[in-house]
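A, B, ... follow the sequence lines: proteins, then strands. Residue 1 opens every chain.
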2 protein chains.
Amino acid sequence: MADEQTGAVTIAAIAAAAGVSVPTVSRVLNGRSDVAPQTRERVEQLLRDHGYQRRGGRARARLIDLVFNDLDSPWALEIIRGVEDAAHAAGAGTVVTAIHRRASATRGWLDNLSARASDGAILVTSELDPELDAELRKLQVPAVVVDPAGVPGLDVPTIGATNWAGGLSATEHLTGLGHRRIAFVAGTPDLWASRARLAGYRAGLEAAGRPFDADLVVDGDFGYASGARAADRLLALPDPPTAVFAANDQMALGVYEGVRRRGMRVPEDVSVVGFDDLPEARWSSPPLTTVHQPLTEMGVLAARTVLRMVDGETIESPRLELATRLVVRDSTTPSRLRPAEPVSS
Amino acid sequence: MADEQTGAVTIAAIAAAAGVSVPTVSRVLNGRSDVAPQTRERVEQLLRDHGYQRRGGRARARLIDLVFNDLDSPWALEIIRGVEDAAHAAGAGTVVTAIHRRASATRGWLDNLSARASDGAILVTSELDPELDAELRKLQVPAVVVDPAGVPGLDVPTIGATNWAGGLSATEHLTGLGHRRIAFVAGTPDLWASRARLAGYRAGLEAAGRPFDADLVVDGDFGYASGARAADRLLALPDPPTAVFAANDQMALGVYEGVRRRGMRVPEDVSVVGFDDLPEARWSSPPLTTVHQPLTEMGVLAARTVLRMVDGETIESPRLELATRLVVRDSTTPSRLRPAEPVSS
């Protein structure tokens, strides 16, 4: 009855002993009516026999594991807030873990997940490699991926944002203000979100009939310093950009600093657009025009989805992308050059 | 044996049945050697009888509840990172909850804490009012308070920072740069940390032989907008300050914006110092000179302390304040006025 590794009585073990499915046991645990009375009685007896009631009587307190690679960006807090809010409303606890991309930490997390009998897992910006996927399946722990790192497969629900459309709207905002030399500071190149934002930038240029200029695209790594370096390089060009779209807010704030170091100003000399709409975007000077990514809502949806899976429900649309939207603040202004005028350095 | 409310088997119930103390049961659960063999056997038998092994065999997976009023500032993430790091290293899970200062959410949290049999609680910026304290004692859940909202009592361990010394060092940095008109933007007035930072500012002025001028102290609420409003008011004075010390980083960034709106620059026209050293301080333009509050270390220490209490250890020094330190970046510069020169508006 107990898990070999941990001694924990799992829902899977109860299900096997009762000869029913895991979702059926979850339905009984959650007091749902769509279970045959005989089945309910058999499952409840087994739950009682094996002490499964420990974690709650009238309302069982469920646990959701929320797993990040790192907790080093305010970005993570936006997601935590959403997951916590939805989980708390459903009487579930949110266990936050950082695995630092280390196999040992991932192993330790899986052991703890099992030992505390967590009910579900939300993995953030993860590849969910086949091994981890297999481990979670063995533990019968349903998982949801938020902001998938790669193109998601079809076996695990994912919740992302419309990164391509966001990149497009940022670029169209700048072309609409008359900017003709618009640079792009790209994010970590292997992430799906980075590629989609770059593609949106290219589509925005194309929509305005502007040529793509590889000199105006600089690689970054989503960090502030890489944004400052990119601005430095871009502003040293013989024909520098009048606007910069950075693939996240932290790099956009780095662009501010690169502009300041040259004795120039945002937006008078250079317009800047970011991506994410973290609190930093509102707290910058000038407040940053950026693409709002609904991170909190993504967290809410991830928690609701995984709790539905714990309850044995089927997820109809396992591939969700929430809409991004442009938030115009004070870091962008019309180009001082008329659209027809040739650009001077 | 089970808790009336939740049906959960608690350590307290096992302790009562075994006729031993709660710490003794914890020692057995954690495999410690300082328990008499007969006692260990009796406790282990009771644990087995009542299914307490469910959450772990060789290494029991403990749960620590980390409770915030709100998850609306990157400040919270710094503490989460520290608690998670230390808890994870000890094989414990960190359950994050926001109670939004609502009695109903607090009640819900206590129910869940009990239902999931959490082992300890860390409360952040809380008064830990007598009712909550009594509830936690009833549940036999040890608690630690981080950044106590009021002057802490003696019955619950607290972990804070040297707010007074930090306010002093920020002010001395500015007087040392030759500034004579130094303003202070205060935080939420009822918080202990706010009062200590203001007192540190006054002590810094006094140490430099500068008079305290009530016109140069503006109330804020720790939010960005209140910092911008304060700068607006201060820079409109007939004899405006040449330096502003804000009681946290978010207000300092608001001061940046107030300075920018007047067409002035940080640090050329106004030097600015913050408090906390959040990631925002490094990511601002110019990077912010600020007082580093060791939030992550405070989280680490809180987790270690509460885990020691779970293990039944006595906490020798229940009142800890970790050292703050000034981090000088680019937002402060020597005053253009010589110290002996009269201040002109």
* Asked: Side chains of B:Leu63 and A:Leu63: closer than 4.5 Å at any heavy-atom pair?
  -> yes
* Does the side chain of B:Asp85 reach to within under 4.5 Å of the side chain of A:His100, using non-hydrogen atoms? -> yes
* To do: Taking all heavy atoms of B:Gly263 and all of A:Arg265, pick out the closest pair and write down the distance.
  => O-NH2, 4.0 Å
* Residue selection (most heavy-atom pairs with chain A, distance under 4.5 Å) from B:Pro287, B:Gly223, B:Gly258, B:Ala92 -> B:Pro287
* **Side-chain (A:Tyr224) to main-chain (B:Ser284) donor-acceptor, under 3.5 angstrom** => yes
* Side chain from CB out, backbone as N, CA, C, O: work out which of these in B:Asp72 comes under 4.5 Å of a heavy atom of chain A, or both, or neither. => both
* Report the distance from atom CG of A:Leu66 to atom OG1 of B:Thr94, rounding to the nearest 0.5 Å. => 11.5 Å
* Asked: Can you name the residues that form a side-chain hydrogen bond (donor to acceptor under 3.5 Å, both in side chains) with B:Arg282, not counting sequence neighbours?
  -> none
* Counting N and O atoms only, with roles assigned by atom type, does the side chain of A:Arg260 sit under 3.5 Å from a partner on the main chain of B:Ser285, one being a donor and the other an acceptor? -> no
* Between B:Ala87 and chain A, which part of the residue has a heavy atom less than 4.5 Å away: side chain, backbone, both or neither? -> neither
* Taking all heavy atoms of A:Glu84 and all of B:Ala98, pick out the closest pair and write down the distance. => OE2-N, 3.1 Å
* To do: Report the C-alpha distance between B:Asp330 and A:Glu257 in whole Å, list the side-chain angles of each, state the deciding distance to 0.1 Å, and finish with yes or no for side chain to side chain contact (heavy atoms under 4.5 Å, CB included).
  => CA-CA 11 Å; B:Asp330 302 338; A:Glu257 177 63 2; 4.2 Å; yes
* Asked: For the side chain of A:Gln250 and the backbone of B:Trp283, is there at least one donor-acceptor N/O pair under 3.5 Å apart?
  -> no
* Asked: For A:Ala105, is it the side chain, the backbone, both, or neither that has a heavy atom closer than 4.5 Å to a heavy atom of chain B?
  -> both
* Report the distance from atom CG of A:Leu71 to atom CD1 of B:Ile80, rounding to the nearest 0.5 Å. => 7.0 Å
* To do: Would you indicate whether the side-chain heavy atoms of A:Pro286 and B:Arg261 approach each other to under 4.5 Å?
  => no
* To do: Could you tell me which non-hydrogen atom of B:Ser73 sits nearest to which non-hydrogen atom of A:Leu77, and how far apart they are?
  => O-CD2, 3.0 Å
* Option that, when pairs with chain B are counted at under 4.5 Å, heavy atom only, ranks first among A:Ala228, A:Ala89, A:Pro74 -> A:Pro74
* Asked: Should A:Val96 and B:Val95 be marked as a side chain to side chain contact (heavy atoms under 4.5 Å, CB included) after you check the CA-CA gap, both sets of side-chain angles, and the distance that decides it?
  -> CA-CA 6 Å; A:Val96 175; B:Val95 182; over 6 Å; no
* Structure fact -> Heavy atoms of B:Asn112 and A:Gly91 approach each other most closely as OD1-O, 3.5 Å
